[in-house]
Amino acid sequence: RNIPMLNLTSLFVVLKPEFILLLVAILGMFFAIISLVLFYHWRQFGIDMAEVGQASLWYFLVSVILWAVILTSLTVYLNSI
């Protein structure tokens with residue numbers, strides 16, 4: 001009896017563009033919901049408005065940078081397949 005073996009010689013995994021776009025869309029919706037919840041809590045329960053402003057500034061600045069990296073990587077990946 002011959003058992004077929006998996007060919008694991010390649011380190012690359014090719015994903016369908018539809019699957020990747022769906023994952024990014026789900027990630028975007030999750031991010032939007034979490035951002036709204038955080039912003040609401042910062043405004044309702046923030047003790048010092050200066051600290052709330054600084055926290056939201058850093059949160060959204062880092063978020064914009066991360067989304068730019070995600071979308072740039074996605075564009076490069078989709079143009080390479």
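All values reported here derive from a predicted model rather than from experimental measurement.
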Hphob cluster co-occupancy, Trp58 + Val64, side-chain heavy atoms under 4.5 angstrom: no
Separation of Leu15 CG from Leu78 CG (nearest 0.5 Å): 10.0 Å
Between Leu22 and Leu27, is there a shared hydrophobic cluster once you connect ILVMFWY residues whose side-chain heavy atoms come closer than 4.5 Å? no
Heavy-atom neighbours of Tyr77 OH exceed 12 at 6.0 Å: yes
Do other residues, nucleotides or ligands put more than 12 heavy atoms under 6.0 Å from Phe19 CZ? no
Leu21/Leu74 under side-chain contact (heavy atoms from CB on, under 4.5 Å): CA gap, chis, key distance, verdict: CA-CA 9 Å; Leu21 293 174; Leu74 178 64; 3.9 Å; yes
Are Val37 and His41 close enough that some pair of their side-chain heavy atoms sits under 4.5 Å apart? yes
Assign the ring pair Tyr59 / Phe31 to parallel, tilted or perpendicular, where the plane angle (0 to 90°) is split at 30° and 60°. parallel
Leu23-Phe30 co-clustered via ILVMFWY side chain contacts under 4.5 Å: yes
CH2 of Trp42 to CE of Met49, rounded to nearest 0.5 Å, is 12.0 Å
Does Thr72 reach the side chain of Trp67, with side-chain heavy atoms less than 4.5 Å apart? no
How many angstroms lie between atom CD1 of Ile34 and atom OG of Ser63, to the nearest 0.5 angstrom? 11.5 Å
Cluster overlap Leu66 with Phe60, hydrophobic side-chain contacts below 4.5 Å: no
Which atom names give the shortest non-hydrogen contact between Gly53 and Ser56, and what distance separates them? O-OG, 3.0 Å
